[in-house]
Structures are given as structure tokens and as C-alpha cells.
Amino acid sequence: MSTTTAAQLPPSPYRRTHTCGQLRPDHVGQRATVCGWVNSYRDHGTGLVFIDIRDRFGLTQLVFERESAPQELVDAADKLRGEDVIAATGEVRIRVGGPNPKLATGEVEVVVSTLSVLNKADNPPFAPDDLAALPNEELRLRHRYLDLRRPKMQKILASRHRVTKVARDYFDENGFLEIETPVLYKSTPEGAREFIVPSRVNPGLWYALPQSPQLFKQILMVSGCDRYMQICRCFRDEDPRADRQAEFSQIDLEMSFVQREDIMAMMEGFARRLWKAALGVDVPPIRVMSYREAMEKYGIDRPDLRYELTITDISDIAVRTDFKVFRDALAQHAGAPPYYSKKGVVKAIRVPPGAGGAKLTRKLTDGYTEWVKTFGAGGVPVIKVNDAGGFETGIAKFLDVPGVKDDLVRRLGLQPGDTVLFAADSYSVATKALGELRQKVARDIGLGPEWGKAWEFLWVVDFPMFEKNKDTGKWVAMHHPFTAPRFDQQQAFVDAGVDDEVAIESVVSAGYDLVLNGSEIAGGSIRIHNPAVQSKVFSLLGLTPEQAKEKFSFLLEALRFGAPPHGGIAFGLDRLVMHLCGTENIRDVIAFPKTQTGADLMTQAPSPVTDAQMRDLHVQSTWVPPTRA
RNA sequence: GGGGCGGUAGCUCAAUUGGUUAGAGUACCGGACUGUCGAUCCGGUGGUUGCGGGUUCGAGUCCCGUCCGCCUCGCCA
């Protein structure tokens, strides 16, 4: 082992003294060395060249001129092209040609006396330039290192860092410990499809990548950690969307000896801190809404409250019309209890002209009929209210009748100029269709979403514990199987007969979702800490005691050895950053995202492995390459 | 698994209803220019129209298949 210290090593050819965003008039007269990428060059020939050099911190103008530099140096500057990596040393001075107010460093320039080309760049496939039109995303992803050089992307990376930094600070101040949990985990195939990993040393056995650290964080509470947080990676092998990736990040936490209000208050504090730190915005106290109210008024469990356009049930009025579509829909399961998913209902949205409803053209409303078919609805009947208060167009003739019209006007609060959109179908289809339509109408008439302008937070609570799967007819947990019934529902839940559908369906959980501008940004619950309650949940979900034991024995055991009441929540980090950065593309907030087919276009993952690797892992592929006809 | 949109020069786009040698801006190359700052001016190189079939006198354009990307339904406890 040598005893040389760093200071004794031979001198390096250059040493950076300032970043490219740093120099100001205060530095005039100093010798500075800046390093970075050639952003642009302005070659005036015969001895005057300007180079804008870029790094993460900004742009600095370098000037090469024959009065102050040898011809070889000016010639070398002449050859510089975009994305060359250079180090330049020279004296800082006030710009001779006057300041450039667009740049933070725009009052000064560096008169270069020494230039090192550290890495000559090939002509790049695209320039990392926010002013030019963005190349297609495929190319951006393939050359991600170029795309990430763009100031906008650098800003997003920095914002993401700020979010995790604020999270660590905030939760640290509140007594949380950051604890890591395994990525190689046990397969528990409820919920999302899992990624699985074969075990080399245990032939035939597999790990799964966690959908979330759910059970580990609960075990950490049983372990006496009291408050846990982690910024963790989660994996769900489901098809991606604009705001969804198979591999994503959560700010995950769990607390002992708390009620749901404690967790909601803690998270509200975090959101408030974060919005203040990131945007300087004060988040007011967050409203709370029940799941039922959300579904009834907004047709969705994550209402966007930046605009009104609420949904109203008019089934009792619609049944008195002669409109066949209404009557046929209402005939389905007419005697069933409310909220029964198959029960026929008629619902309506009133769009007032002042809110932009005047922009609802015939062409738009005609298009809605086609559009709602993707949600299983048959169409969107429409009426308009004319200046005299009469109904026009569409199905007006069915509704502009005595005994119906006045009730509709009263129920919906109709005014001249209003447009009314209807849905007549089963409860679940009509609710979903109008919920989606409400958001589409808002976009079409310019009510929102306006990113970065308004922040409408909302807690949604009192979710049902269970819902019936449409296809299998089995109960599934609405949140996850470890969610506790609301504290006042525990006894009702324990007492509910396994076959008493109404009783089971009406049990409300201690879960809560945090919604921002119509997007779910966090979700959590108070957990079950009682083994009997947990066993009952498993049995309702169709797990035999043996299956429950095989999959979750560690949890059931832990719950028997002194489990504190506990609960937690997880923030979707990617979506949070999307909101804060005003992008609707989740790939923009992930440094190295994947495409819709799960490919990393830069590294070309996924890729084949060798037969030897497969043999080691005791696996074999059944996939056969398609033969070309 | 289903539906939709897209793929033309390195990049961003154009190309009339199927009709001449597929154009423009930018980048790149060469030249001019001493105060620019998205420099400017002059000239030039650059194309398997994603790929494979088909229809046609003739295909970037129409048809079939396929690959890739995006949006979306299902899915995402």
C-alpha cells in the first residue's frame, strides 16, 4: 500500500474552478476554469469565436480572439461542435458586446487562454435543446443521456431529488426511521401480476419482486420500530399507461398506535411542506369525502375538484317518461338495493353555458355517444335548454312533458342555455361512463386540467372493504387484504355471516386515498392487528386456512406475538413529481423509463440469456420463435 | 388480449384525389465575416418513404401482413 496522498499525485491538466452557472461581474479579473458541453458556437471567422459552454448549472460564454490568444487556439475553437466536452481557462471580464439578459451569467464572458477537448463528440442524433422541437420519444429514450442533458430534464431530476429530500427530512423530524426491505421477496399472487425470479440454490423455487413492501412494514411495526419510512421501488407486471410504469417508486410509511386521522394529519403536513418547498404554495386544510359521495357526484373514486359538473341521479323522474332507453335501463333489477352494480339507473350532468358549456357543439356531443361505448354504455342522450326554458334537440320531446320537465328543472337546477348529458344503464356502467364523460367534457370545454395552476387535494375515505369480482363472483379486497374495518365496524364485520352479501358489502374500511386534481397520489389504511379479523378476511377472499397459512403464516404468527395497532400510507413518488413538474408523461420524471412493451430502449432490456444461465437456474423457455412463412 | 394514432434526409416536418427527378427548415461539410448570443450570408453533401408482400401503366399515398413508438379499454389487491 502506497502512502501517497491525493495532494502528492502528479498535477492534472485542468481543474474546474467554477460551474457554468456561476460567474458574475464579481468575478471579473479572476482566472476561471469551466468545464462542460459545447452548447452552441458562433464563428465570426478571422479571429473571433464565441462558444456557449453548458453544464447542469447553466451556460457561460467563452470568447476566443486573436488579440488575446495564439492563432492555434482560435483555430481549435473553430473546430468545436455541439456536445464536445471541453475545459476552458481564461480571464473573466464584462462582455464587450453588451450583456445577454437571457442568461444568469449574461453580463460576463471568459476570454479563453487554454482549451482542452476532453471528449470530441460525434454529431449527435439530436441536440439537447429545449427550444427546438423534441425528437420522437423513441429516439429520446434510445439516447437518454442526450435527452437528460436538456435543461428541462435536468430540472425534473432536481425536483425529484428535492421531493425525496423533503420526505426524508420531514419524516426524520417526525420520528420515522428509514429502513430497507427486501426486493427478492415471496410470491403472494393476489392483486397485480408479479415479476418472478428463479432461485439458483433452490431448484424449482422462485422469488417475486414486491408490489409494495406492505407486509414487511407491518412486521416492522410488530418489531417495535414505531415509525418506518422508505423510498422504495415497487414492481407490478401490468400494462403501463401515461401515468403508470411496471417499475415505480413509492414514499412508503407506517406508524404504530395511530388512528387514521393521525396518519392523514401526518401526510397532510408532508404535502403542505412539500408544496411550500417546491412551489411556494400554501396547501389549505384538505377536504374529506366518502367513497359513496365521490361515486355518486363524480362517478369516480378520485374526483377532480377543480371544476363542478356534478352528476345527479334522476332515475325516479326518468321512469315516468316514455323514452324507451330510460325505461329499458330502469327495468333491470328494479327492486334491487341502491348501489347494486347491475341495477338500472339514469343519471345526468348539467353543463351550464357560463362554465364553457356554450362550446359543447353538436359535433362534440354526437362524438360522446361513440366514446362512452368504450366503457360499455350505449350512448349519451342530450338535451339543451333554450332561452324560453324549453327543452330542445336530442331527446327533448320525451322530457319536455308535464310531470317530468318541472321535476328535472328543479332537480338539476336547469337554466336557459344549459346542456344536459344523460346515461341510462346499470349502476356501475352509468356511473363509470358519466364519471369519465365529466372529465372529458371538462377538457373539451376548457375547464381543466390546467397543470400547475390549481391544487385541489381531497381525502377519500370509507371505502367498502370488499367488492364482488364481475367475472368470478368472488369477493376481492378493495384496498388490500390487510386493511382493517373502520373502528366502529369491527364488530359488524366479525359478526357478518360469510354468506350475507349485503352485510359484507356494507362494511366500510379504515382506508384513505389522497387525491390531487383527479389523480390518486397516495393510498393507505389502518391495518388489521388482530389475527381473528385477519383470518376472517382471508376466508372471505376464498383462502382456506391452509392456504392462508402457507402464504402469510409469518404475518399471522407475528400478529399473535404482540402486534401494536398500526397503519400507513404510500405516496406515488412518480406521480407526485409529475404534478410538481407539470408533466402528464410519467417517463419524463423517471431517469431511465421503459416503453409500453417494457423495453429499455437504451440498454435493450429485456434481452436473451444463455442456455448456461438458464440451466443454472433450473428453468427452460417454452417460447418458440415464429417461423417466417 | 381489444381499439385508435403515428413511422418520409441525422432531427422536425411537407409532398393536392394514386401521376414529372420526394421538398423545406435545421444539423452536417466547404467558403465569407472582429461582438455575436437560436449569429448572419453564399454554396454543397445527404432518401431502401420502418420492414415484407400485393393491386396498378404508375404507390410515400390504396390493400394485406409484420416490427417499433404513443394513447386507450381490459388489467393495475
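Below, chains carry the letters A, B, ... as their sequence lines are ordered, and counting in each starts from 1.
Closest to the A/Ala133 side chain, of the nucleotides B/G69, B/U12, B/G35, is B/U12. In the set B/G1, B/G69, B/A27, B/G69 carries the atom at the smallest distance from any side-chain atom of A/Thr595. Comparing atom distances between the A/Ala242 side chain and each of B/C71, B/G38, B/G69 picks out B/C71 as nearest. Distances from the side chain of A/Arg81 to the nucleotides B/C68, B/C75, B/G30 place B/G30 closest. Comparing B/C71, B/C73, B/U36 by their closest approach to the side chain of A/Gln61 singles out B/U36. Nearest to the side-chain atoms of A/Pro125 among the listed nucleotides B/G10, B/G35, B/G38 stands B/G10. Distance from the side chain of A/Phe50 is smallest to B/G35 among B/G35, B/C76, B/C68.
To the nearest whole angstrom, the two P atoms, one in B/C63 and one in B/G7, are 14 Å apart. Using P as the reference atom, B/G4 and B/C76 are 24 Å apart when rounded to the nearest Å. For the C1' atoms, the distance from B/U12 to B/G46 is 16 Å, rounded to whole Å. Look at the C1' atom in both B/G23 and B/A15: the space between them is 7 Å, to the nearest Å. Distance noted for atom C1' between B/A24 and B/C67: 30 Å (whole Å). When the C1' atom is used for both B/G31 and B/A14, the distance is 30 Å, rounded to whole Å. A distance of about 36 Å separates the C1' atoms of B/C29 and B/G52, rounded to the whole Å. Taking atom P in both B/G10 and B/A27, the straight-line distance is 16 Å, to the nearest Å.
For A/Arg42, a side-chain nitrogen or oxygen approaches OP1 or OP2 of B/A39 to under 4.0 Å. The shortest distance between the side-chain N/O atoms of A/Arg587 and the OP1/OP2 oxygens of B/C71 is below 4.0 Å. Phosphate proximity of B/C73 to A/Arg241: present, with a side-chain N or O under 4.0 Å from OP1 or OP2.
Using a 4.0 Å heavy-atom cutoff across all strands shown, A/Lys373 reaches no nucleic acid atom at all. At the heavy-atom level, A/Tyr41 lies under 4.0 Å from the strands shown only through sugar-phosphate atoms. Residue contacts for A/Pro135: at a heavy-atom cut-off of 4.0 Å it reaches the sugar-phosphate backbone alone, with no base atom in range. Within the nucleic acid shown, A/Asn100 comes within 4.0 Å of at least one base atom, counting heavy atoms only. Counting non-hydrogen atoms under 4.0 angstrom, A/Ser212 reaches a base of the nucleic acid. Nucleic acid contact class of A/Leu134 (heavy atoms, under 4.0 Å, all strands): sugar-phosphate only. The residue A/Asn136 sits close only to the backbone: its heavy atoms come under 4.0 Å of sugar-phosphate atoms, none of a base. Among the atoms of the strands shown, none is found under 4.0 Å from any heavy atom of A/Gly106. Within the nucleic acid shown, A/Glu109 comes within 4.0 Å of at least one base atom, counting heavy atoms only. Within 4.0 Å (heavy atoms only), A/Thr188 reaches no atom of the nucleic acid at all. The residue A/Leu139 sits close only to the backbone: its heavy atoms come under 4.0 Å of sugar-phosphate atoms, none of a base. A/Ser40 comes within 4.0 angstrom of sugar-phosphate atoms only, judged by non-hydrogen atoms across all strands, and of no base. Residue contacts shown for A/Pro99 include a base, since a base heavy atom lies under 4.0 Å away. If you check every strand for non-hydrogen atoms under 4.0 Å, A/Asn585 touches nothing.
On a pure distance criterion of 3.5 Å, no polar donor-acceptor pair joins the side chain of A/Arg236 and the base of B/C76. Side-chain atoms of A/Gln596 and base atoms of B/C71 include a donor and an acceptor less than 3.5 Å apart. A/Asp129 contributes no side-chain N or O that forms a donor-acceptor pair with the base of B/G38 under 3.5 Å. In terms of polar N and O atoms assigned as donor or acceptor, the side chain of A/Arg93 comes within less than 3.5 Å of the base of B/G35 in a complementary pairing.
Checking A/Thr105 against A/Gln61 by side-chain atom types alone, no donor-acceptor pair falls below 3.5 Å. In this model, a donor atom of one side chain and an acceptor atom of the other lie less than 3.5 Å apart for A/Glu137 and A/Asn585. No side-chain donor from either of A/Asp55 and A/Thr19 sits under 3.5 Å from a side-chain acceptor of the other. Neither side chain, A/Asp462 nor A/Ser290, offers a donor N or O lying under 3.5 Å from an acceptor on the other. With no hydrogens or angles considered, no side-chain donor-acceptor pair links A/Asp600 and A/Gln604 at under 3.5 Å. If you check the side chains of A/Asp252 and A/Tyr228, you find a donor sitting under 3.5 Å from an acceptor. No side-chain donor-acceptor contact under 3.5 Å links A/Asp84 and A/Tyr41.
In this structure, NZ of A/Lys594 is placed 18 Å from C1' of B/C68, rounded to the nearest angstrom. Taking atom CG on A/Leu131 and atom C1' on B/C37, their separation rounds to 12 Å, with Å as the unit. The CH2 atom of A/Trp371 sits 13 Å away from the C1' atom of B/C71 (whole-angstrom rounding). In this structure, the CD1 atom of A/Ile586 is 13 Å from the P atom of B/C70, given to the nearest Å. Regarding A/Leu103, its CG atom lies at a distance of 20 Å from the P atom of B/G35, rounded to whole Å. Note: CD (A/Glu436) to C1' (B/G3) measures 16 Å, nearest angstrom. Residue A/Asp84 contributes atom CG, which lies 10 Å from atom P of B/C28 at whole-angstrom precision. Here the P atom of nucleotide B/G7 and the CZ atom of A/Arg142 are 17 Å apart, to the nearest Å.
RNA chain B is contacted by no residue of residues 518-543 of chain A, taking any non-hydrogen atom closer than 4.0 Å.
Classification of A/Glu238 and A/Arg244 as a salt-bridged pair fails, no side-chain N sitting under 4.0 Å from a carboxylate O.
Relative ring orientation between A/Phe375 and A/Trp371 is described as perpendicular, the plane-to-plane angle rising above 60° on a 0-90° scale split at 30° and 60°. Ring geometry, A/His18 versus A/His27: the interplanar angle exceeds 60°, so the pair is classed perpendicular (tilted spans 30 to 60°).
The base-pairing partner of B/G25, taking Watson-Crick or G-U wobble contacts with both distances under 3.5 Å, is B/C11. Checking B/U36 for Watson-Crick or G-U wobble geometry (two distances, each under 3.5 Å) identifies no partner in any strand. Across all strands shown, B/G19 forms a Watson-Crick or G-U wobble pair, both distances under 3.5 Å, with B/C57. Across all strands shown, B/C5 pairs with B/G69; the Watson-Crick or G-U wobble distances both stay below 3.5 Å.
Looking at A/Phe216, A/Tyr207, A/Phe195 one by one, the single match for ring pair (Phe, Tyr, Trp, His ring centres under 6.0 Å) with A/Tyr185 turns out to be A/Phe216.
Ring stacking holds between A/His44 and B/A39, with the centres under 5.5 Å apart and the planes within 30 degrees of each other.
Counting heavy atoms from C-beta outward, A/Ser212 and A/Arg236 have side chains that approach closer than 4.5 Å.
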